[in-house]
Structure formats: C-alpha cells, structure tokens
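Read the structure below first, then the notes.
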Amino acid sequence: MKKRTFLGAAVLAAGALASGAALAQGQPFKIGLILPMTGPQASTGRQIEAAARLYVAQNGDAVAGRKVELVVRDDTSLPDMTKRIAQELVVNDHVDVLAGFGITPAALSTAPIATQSKTPEVVMAAATSTIVDASPYIVRTSFTLPQAAVPLADWAVKNGIKSVVTLVSDYGPGIDGEKAFVERFKANGGKVVESLRVPLRNPDFSPFLQKAQDGHPDALFVFVPSGTGAAVMKQFVQRGMAKAGIRLIGTGDITDDDQLNDMGDGALGVITAHHYSAEHPSALNKQFVAAFEKTNKGMRPNFMAVGGYDGMHLIYDALKKTAGKGGGDALLAAMKGDAFESPRGPISIDPQTRDIVQNIYLRKVERVNGQLYNVEFETFKDVKDPAKSK
Ligand code: DHB
C-alpha cells in the first residue's frame, strides 16, 4: 500500500515536471513503446516495433529540431508488467509519450498512470471500444471490433447467410465483436444459433468448433486476437467444416497478414471486414509494404504494424505542432482532429472521443502472384466506432 502511494506521488511529480516547457529544451523527446515482445502476443510486438523503427528511419530522428528517442520495453503480454513498466518509464525515464499496448488489459492497466502524469497514451494495437474512456490522455490508432463487425453483418445477410454460430475470445474485444455482430445480424433478420466464447490463454478450439459444427449454421463468425488465426483456420479445414457447407467469416484478425500466406488453400474465399490489408491498392501502401518487407527479412506488415506506423505519425505531427516543446496537454490538443493518409487509407482522430475514424473494407482471400492476400472489394468510408455513436 505504502509503495503504491509513493509511486502515485512520483508519477504525479514526474507529470508536473514533464509539463514544464523549460525542461523540454535540449532534452530528447522520449517515446516509451511498451509491447509484448515475448509470450502469446509476440507477433504483435514484433510487427509494431518494426513499423515504429521504419517510421523513424523514413522520417528522421528529429522533429522541429528536437531529437526523438524510442525506448522499447517488453511487457511479456502481462498487464501487471505493462503497468509497472509504464510507471518506470514515466518516473525514471521521463518519457513524453507512452505508446504500444498489444492487448486490451495492457492498455487499461496503464490508463491511471497516463491520467495522473498527464502523459499521452497512444494505443497502437488494443481494440476494445471502451479503452478511450479509461483516460482523457488515451488516443487510439488501431481500430475497434464493432467498426468491422457491423459492416460484416450487413454483408452476411445480403449474401445468403441466414444463420450463424459466433466464436470469440472471451475478453473485451471478443465480447465487443460478438455483441456488435449479433445485434446487427439479428436486426437484419438473421438467426444466431449459438454464441461461444473461448478462453484467451491457451485456448483449445476443438470442443468449440465441434459445437459450432453440430449447430449446422450457414456461417461461423470468428474473432481471435492477432497471432491465433492460423490455429483456428487449420482446425476449421481439418474438420471439413467448409465441405459441410459452413462458411468462415470474421473480423480481419482471423486472416492476419502475419500468418495468412502460410494458411494454405483452405483460407481461399474467406470473407472478412477490417481496416487494413497488405494488398490495399494505394501508392502509399505499396511503398510502405515494400519498405517494411525490405527492412524485415521479407516479413509482411499486418494491421498491427499499420497501427504502430500511424501512431508514430500522430506523435510526430503533434510534436511538430507544438514546435518541439511537447507537454502532455499540448500534445493531446494537437492529436485531437489530426488527419492524414495512412497505408490503410485516410484516417483521423475524432476530437471528441480520441478514437480513430477510418475506412472499413470487405475483403476476400485470394491468390495474387502466387501469394495469399485479403483482396478488398467494398469500402465503407470514414467509419466511427458504432459502439460510441449510440
Ligand atoms: C486485441 C488484440 C488483438 O491481437 C487483436 O487482433 C484485436 C484486439 C485486444 O486485446 O484489444
């Protein structure tokens, strides 16, 4: 208890110091990037770190004359660790911005530190709707599950899918995705046979897929976090669920670009909705993918990478707008309403909610030049998080 009070006071003091513009002059601008570099979400950490380093390599390590420093820390996918690292970064390293956050519990655990120390918390990966409500210093460059699930539910009923079983990871984003999809699908006249939730840690998908199969739905809607999709896809194919007439649909987390190319022909034809595909046909994206693959031994960027890349862009923009001075409140004000072209398409930060506004694309897995990609075929423009506009 004593320790917590001490840390709380230290966090407050660090915040007061950091917001003094005098301190800024001559000091490097530090971005504390907290990522899961090991553990179940390691692919998220690897993608975001690579994207952040690429952004710095392309845009230089100085903004408005101020040197920018990335301080990368591994939270091993454990939210208690995220919080402890965030405290250390604020109190000892005097970081100007906290960024990263591979999973929802990590982003939430850090929110009180962001608030107390007035440090912007740029969420580059985690996607539960309510995260931005946890602190007025949180800004998000990833996505929310309802953004993708609602357009997918509309597509499903228009394309002959009359019944579904839903299968989601049993925590924030999964519950958001399930709720948004089910509500919209039912409102459109669809039937939900069963809603299944699978544990986040060490999931065994087979009993859940068996249950889904027994329900004989037209489609199975799936959300699992990045890095887990291949395991679900493999079992879906092995069980012959597609042959039994069940279509696989989901948010784009299931056909993650990090794993898609290794999923094999069983993934062909899978329809998903999401904000980013490595196949997005813009000049900026082609440059981004080529540079990312070149600097990372051929690794293809996924939707986590783009969240990291755009998060860095947002931080650079904000630092520029403050003429290199920084300061939590000034940076926050500069981030609100910022808008630019991302490799995913046009994006902006809603000044009221601090959440991302972006296009959502319907995509189909196809073979392009011998490789599997999510090929976009329909665009929903400037989508806000539907869970917040109610
Ligand atoms: C979250 C994590 C993921 O890997 C993902 O694909 C979507 C959401 C999360 O924890 O918020």
Side-chain angles (χ1 to χ4, degrees), residues 34-49 51 75-83 99-111 121-134 138-149 152 166-181 197-203 221-233 250-260 272-278 301-308 310-311 344 355-356 358 360 363 374 385 387-388:
I34 313 176
L35 292 170
M37 302 306 299
T38 52
Q41 268 75 40
S43 66
T44 296
R46 176 164 40 90
Q47 287 272 350
I48 294 181
E49 183 184 11
D75 69 4
T76 70
S77 313
L78 293 173
D80 285 348
M81 183 80 110
T82 320
K83 185 176 184 180
F101 310 102
I103 49 170
T104 289
L108 292 176
S109 75
T110 304
E121 175 179 334
V122 178
V123 175
M124 296 169 157
T128 300
S129 285
T130 53
I131 287 174
V132 287
D133 301 331
I138 292 181
V139 180
R140 170 155 43 200
T141 58
S142 50
F143 70 111
T144 76
L145 270 294
Q147 275 183 324
L152 184 67
T166 62
L167 172 61
V168 302
S169 285
D170 191 6
Y171 78 120
I175 292 162
D176 273 4
E178 176 198 288
K179 191 161 173 275
F181 184 87
R197 294 178 182 177
V198 51
L200 173 63
R201 299 280 172 205
N202 307 313
F221 167 89
V222 177
F223 163 78
V224 288
S226 186
T228 322
V232 177
M233 185 71 78
T251 56
D253 314 72
I254 181 89
T255 54
D256 187 345
D257 270 305
D258 194 64
Q259 300 184 319
L260 179 60
T272 55
H274 227 205
H275 56 288
Y276 180 66
S277 163
N302 70 357
F303 59 97
M304 294 304 187
V306 90
D310 293 341
R344 67 183 107 176
D355 217 338
I356 187 160
Q358 60 189 335
I360 296 295
R363 315 97 51 84
N374 294 294
D385 177 28
K388 276 184 220 72

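Residue numbers start at 1 and run along the sequence shown. We count ligands from 1, going down the list as the structure has it; atoms in each ligand are counted the same way.
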Give a yes or no on whether a salt bridge exists between D310 and R344, defined as a side-chain N under 4.0 angstrom from a carboxylate O. yes

Under-4.0 Å salt bridge between R140 and D385: no

When you compare the side chains of [X] and [Y], does any donor N or O come within less than 3.5 Å of an acceptor on the partner?
X: D253; Y: S226; answer: no
X: T272; Y: R363; answer: yes
X: S277; Y: N374; answer: no

Do any heavy atoms of Q41 fall under 4.0 Å from ligand 1? no

Distance-only N or O hit between ligand 1 and A127, under 3.5 Å: yes

At a non-hydrogen distance cut-off of under 4.0 Å, which region of [X] contacts ligand 1 (side chain, backbone, both, or neither)?
X: F223; answer: side chain
X: T104; answer: both
X: P173; answer: side chain

Min side-chain heavy-atom separation D176-T144 under 4.5 Å: no

Heavy-atom check, side chain of Y171 versus side chain of I103, under 4.5 Å: yes

Atoms in ligand 1 flagged as close to [X], the criterion being non-hydrogen separation under 4.0 Å:
X: Y171; answer: 1 (C), 2 (C), 9 (C), 10 (O)
X: I103; answer: 9 (C), 10 (O)
X: M304; answer: 3 (C), 4 (O), 5 (C), 6 (O)
X: G102; answer: 2 (C)
X: F303; answer: 6 (O)
X: A126; answer: 9 (C), 11 (O)

Applying side chain to side chain contact (heavy atoms under 4.5 Å, CB included) to V232 and I254, what does each step give before you reach the verdict? CA-CA 8 Å; V232 177; I254 181 89; 3.9 Å; yes

Partners of D256 by salt bridge (Lys or Arg N to Asp or Glu O under 4.0 Å), sequence neighbours excluded? none

Counting heavy atoms only, name the option from D256, D253, V123 that's nearest to atom 5 (C) of ligand 1. D253

Quick test: of every protein heavy atom, which one is nearest to atom 4 (O) of ligand 1, and how far off is it to 0.1 Å? S226 N, 2.9 Å

